[in-house]
Asks: 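Have a look at this one.
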Amino acid sequence: MEDHFRVETIVKFTWTIKNFYELVECRGLHSETFFTGSYAWRIMITPKAANTGKGLSIYLDAVYIANAKTRYAGFKLSLINEFCRKKTKTRTKNKHLFSSENVKFGYKSFISSDEFLSPNNGFLVDNTCTIVAEVFGYDDQNTDTNDDNYQHDENTDTNDDESPKDNVLVDFKGLCRIEKEFVQLLEKVCSRRPNLVESHKKRNMSQKFNEWSFTTLGKVLQFLKTKKVKDMMNDDACKELQDLWEELEIVKFDDLSWLKRNMLNLHWVPKIIWRREE
C-alpha cells in the first residue's frame with residue numbers, strides 16, 4: 001500500500017511538574033491539553049509506579065478521538081536532564097496510528113526509578129522535573145487501521161490499566177482542571193459540603209495536587225453510583241475500590257465521615273475497604 005503523508009504541523013510542548021513528591025501516590029497524571037492544528041494531545045506520567053520501583057512511564061495521549069476515527073502522528077518525548085542537556089533521555093516514534101480504541105502510546109519504563117529519583121542524576125531536581133513533547137501532525141489521506149506500516153514498538157504498553165481516558169478537562173471551582181465526567185457528581189457533593197472546597201483552598205496546595213484530590217473523589221463517587229453488588233464479586237473491582245479509598249486517605253480531605261457512612265450502607269463495602277480495621 002502506498003502512503004500519502006506529509007507533515008502538516010509540528011508543535012513543541014513543555015510540561016514542568018513541580019512538587020513531584022506531593023503526587024507520588026497518583027497512578028496517572030496528565031498535562032494540560034495542547035494542539036497540533038485541530039488535534040488535541042496530553043502527556044501522561046505515572047508517579048506512583050516511579051515511587052514504588054517500577055520505573056517512570058511516559059505516554060502521549062490523543063484527546064477527543066470520536067468512535068471509529070483515527071489519527072496519524074509522529075512524536076518525540078524527552079525527559080530533561082537539568083545538569084547536562086546531552087544526558088536528556090529521548091524516545092522517538094516516527095509514525096503511529098492513534099484511534100478511539102488506542103488513545104495512548106508510549107513507554108512503560110521510560111527511565112528506571114533509581115535513575116529518575118536520585119537527585120544527583122539531574123532528572124528530578126528540587127522536587128521538579130520537565131518533560132517535552134514534540135508532536136508531528138500528519139495530513140493523512142489514508143486512515144486504514146489495517147495499515148501494513150503499523151508496528152508495535154518494544155518497551156511499550158498501550159493497554160495499561162492506567163490508560164488515560166478520552167475526556168474533556170474543565171475548570172473546577174478555580175482549584176484545578178478535572179475530567180468533565182466527574183464534575184456533576186462533585187458539584188452536587190460540594191454544594192452540600194462546601195468545606196471540601198474551602199479546606200483545599202486554605203491548604204494552598206499545587207493545582208496538580210488538587211486535580212489528583214478531586215479526581216480521586218470523583219472516581220469514588222462514580223464507582224459507588226455505577227457499580228452493583230454483583231460487580232463486587234470481581235476481584236479487580238474490589239481492588240479498584242480499595243486503591244481509590246487509599247488514595248483518598250492520602251490526599252486528606254478534612255472530613256469524609258459522610259462518605260464512609262454512605263458506604264457502610266452498602267453491605268459489601270466494609271469487608272473490602274476497612275478490613276484492616278477489624
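What you see is a predicted model, and the numbers here were worked out from it, not measured in a lab. Reckoned from all heavy atoms, side chains included, excluding hydrogens, waters and symmetry mates.
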Asks: Is it true that F253 and F214 have ring centroids separated by less than 6.0 Å?
Replies: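 Yes, they do, as the ring centres are separated by less than 6.0 Å.
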
Asks: Have a look at F13 and tell me which of V135, I131, V132, I43 forms a side chain to side chain contact (heavy atoms under 4.5 Å, CB included) with it.
Replies: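 Per the side chain to side chain contact (heavy atoms under 4.5 Å, CB included) rule, the option paired with F13 is I43, out of V135, I131, V132, I43.
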
Asks: Do the side chain of T46 and the main chain of R27 share a donor and acceptor less than 3.5 angstrom apart?
Replies: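 The answer is no, because no donor-acceptor pair under 3.5 Å joins these two groups.
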
Asks: Report yes if some heavy atom in the side chain of W15 is under 4.5 Å from a heavy atom in the side chain of L29; otherwise report no.
Replies: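 Yes; the side chains approach each other to less than 4.5 Å.
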
Asks: In the single-linkage hydrophobic clustering (I, L, V, M, F, W, Y; side-chain heavy atoms under 4.5 Å), do V24 and V125 co-cluster?
Replies: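 Shared cluster, no.
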
Asks: Would you compute the distance between atom CD of E115 and atom CZ of F123 and round it to the nearest 0.5 angstrom?
Replies: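 Separation between the atoms: 5.0 Å.
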
Asks: At what distance, to the nearest 0.5 angstrom, does CG of L79 lie from OH of Y107?
Replies: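 These two atoms lie 14.0 Å from each other.
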
Asks: Answer yes or no: is there a donor N or O on one side and an acceptor on the other, between the side chain of N81 and the main chain of N121, under 3.5 Å?
Replies: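 Yes.
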
Asks: Minimum heavy-atom separation for K180 and V170, please, with both atom names.
Replies: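 Scanning both residues completely, I find the closest heavy atoms to be CA-CG2, 4.1 Å.
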
Asks: Applying side chain to side chain contact (heavy atoms under 4.5 Å, CB included) between L185 and each of L217, V220, L224, L221, report the one that passes.
Replies: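 When L217, V220, L224, L221 are each tested with L185, the side chain to side chain contact (heavy atoms under 4.5 Å, CB included) holds only for L221.
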
Asks: State, to 0.1 Å, how close P47 and C26 come at their nearest heavy-atom pair, and which atoms those are.
Replies: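 Answer, listing the atom of P47 first, then C26: CD-O, 3.3 Å.
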
Asks: Should we count CG of D171 as having more than 12 external heavy atoms under 6.0 Å?
Replies: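 Result for CG/D171: enclosed.
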
Asks: Hey, any chance I80 and L77 share a hydrophobic cluster, counting ILVMFWY side chains that come within less than 4.5 Å of each other, even indirectly?
Replies: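 No, no single cluster joins them.
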
Asks: What is the minimum heavy-atom distance between M44 and G28, and which atoms define it?
Replies: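 Shortest heavy-atom contact: CE-CA, 3.8 Å.
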
Asks: List the atom of A49, the atom of S113, and the distance in Å for their closest heavy-atom pair.
Replies: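 Where A49 meets S113 most closely, the heavy atoms are O-OG, 3.8 Å.
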
Asks: Identify the heavy atoms of F35 and A40 that sit nearest to each other, and give their distance.
Replies: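 Reported closest heavy-atom pair: CE2-CB, 3.5 Å.
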
Asks: Is V197 linked to V183 within one hydrophobic cluster, defined over Ile, Leu, Val, Met, Phe, Trp and Tyr using a side-chain heavy-atom separation of less than 4.5 Å?
Replies: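 In one cluster with V197: V183, yes.
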
Asks: Compute the centroid of each ring, for F20 and then for F116, and state whether the two points are separated by less than 6.0 Å.
Replies: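 That pair passes the under 6.0 Å test.
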
Asks: Identify which one of H200, E187, E198 satisfies the side chain to side chain donor-acceptor pair (under 3.5 Å) criterion when paired with K173.
Replies: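 Of the listed residues H200, E187, E198, the side chain to side chain donor-acceptor pair (under 3.5 Å) partner of K173 is E187.
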
Asks: Assess whether side-chain contact (heavy atoms from CB on, under 4.5 Å) is satisfied between V11 and F34, documenting all intermediate values.
Replies: CA-CA 9 Å; V11 169; F34 62 99; 4.2 Å; yes

Asks: For R192, is the CZ atom crowded, meaning more than 12 foreign heavy atoms sit under 6.0 Å from it?
Replies: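 Counting neighbours around CZ of R192, 12 or fewer heavy atoms of other residues, nucleotides or ligands fall under 6.0 Å, so no.
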
Asks: Are F75 and L56 grouped together when hydrophobic residues (ILVMFWY) are joined by side-chain heavy atoms under 4.5 angstrom apart?
Replies: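 Linked, F75 and L56 end up in one cluster.
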
Asks: Of the non-hydrogen atoms in S109 and S57, which two are nearest, and what is the gap between them?
Replies: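 Distance-wise, the nearest heavy atoms are N-OG, 4.4 Å.
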
Asks: If you measure from CZ on R91 to OG on S78, what distance do you get to the nearest 0.5 Å?
Replies: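 Taking CZ in R91 and OG in S78, the distance rounds to 11.0 Å.
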
Asks: Let me confirm one number: the CG-CD distance from L186 to Q184, rounded to the nearest 0.5 Å.
Replies: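 If we round to the nearest 0.5 Å, L186:CG and Q184:CD are 10.5 Å apart.
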
Asks: When clusters are formed by joining ILVMFWY residues with side-chain heavy atoms under 4.5 Å apart, either directly or through shared neighbours, do I45 and Y21 land in the same one?
Replies: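 The answer is yes; both residues are in one hydrophobic cluster.
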
Asks: Any side-chain to backbone donor/acceptor pair from T215 onto W212? Under 3.5 Å, distance only.
Replies: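 Checking the backbone N and O of W212 against the side chain of T215, no donor-acceptor pair under 3.5 Å is found.
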
Asks: Can you tell me which residue among E32, H30, E211 is in a side chain to side chain donor-acceptor pair (under 3.5 Å) with R177?
Replies: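 The option that passes is E32.
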
Asks: Is the NZ or CZ atom of R71 positioned over W41's six-membered ring, under 6.0 angstrom from the centre and within 45° of the axis?
Replies: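 So R71 does make the cation-pi contact.
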
Asks: Would you say I17 and L23 make side-chain contact, with heavy atoms under 4.5 Å?
Replies: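 They are in contact (side-chain heavy atoms under 4.5 Å apart), so the answer is yes.
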
Asks: For D114, is there any backbone N or O sitting under 3.5 Å from a side-chain donor or acceptor partner on S118?
Replies: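 No; zero donor-acceptor contacts below 3.5 Å.
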
Asks: Would you call the rings of F98 and F105 parallel, tilted or perpendicular, taking 30° and 60° as the class edges?
Replies: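 Taking F105 first and then F98, their aromatic rings stand perpendicular (interplane angle over 60°).
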
Asks: Is the backbone N or O of S257 less than 3.5 Å from a side-chain atom of D255, with the two atoms forming a donor-acceptor pair by type?
Replies: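 Yes, the answer is positive, given that a donor and an acceptor are paired below the 3.5 Å cut-off.
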
Asks: Got a second to check how far E134's CD is from T90's OG1, nearest 0.5 Å?
Replies: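 Result: 8.0 Å between the selected atoms.
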
Asks: Could you tell me the separation between the CG atom of N210 and the CZ atom of R203, rounded to the nearest 0.5 Å?
Replies: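 So the CG of N210 and the CZ of R203 are separated by 8.0 Å.
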
Asks: Got a donor-acceptor contact below 3.5 angstrom from the T128 side chain to the K18 backbone?
Replies: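 Here the side-chain-to-backbone pair does not exist.
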
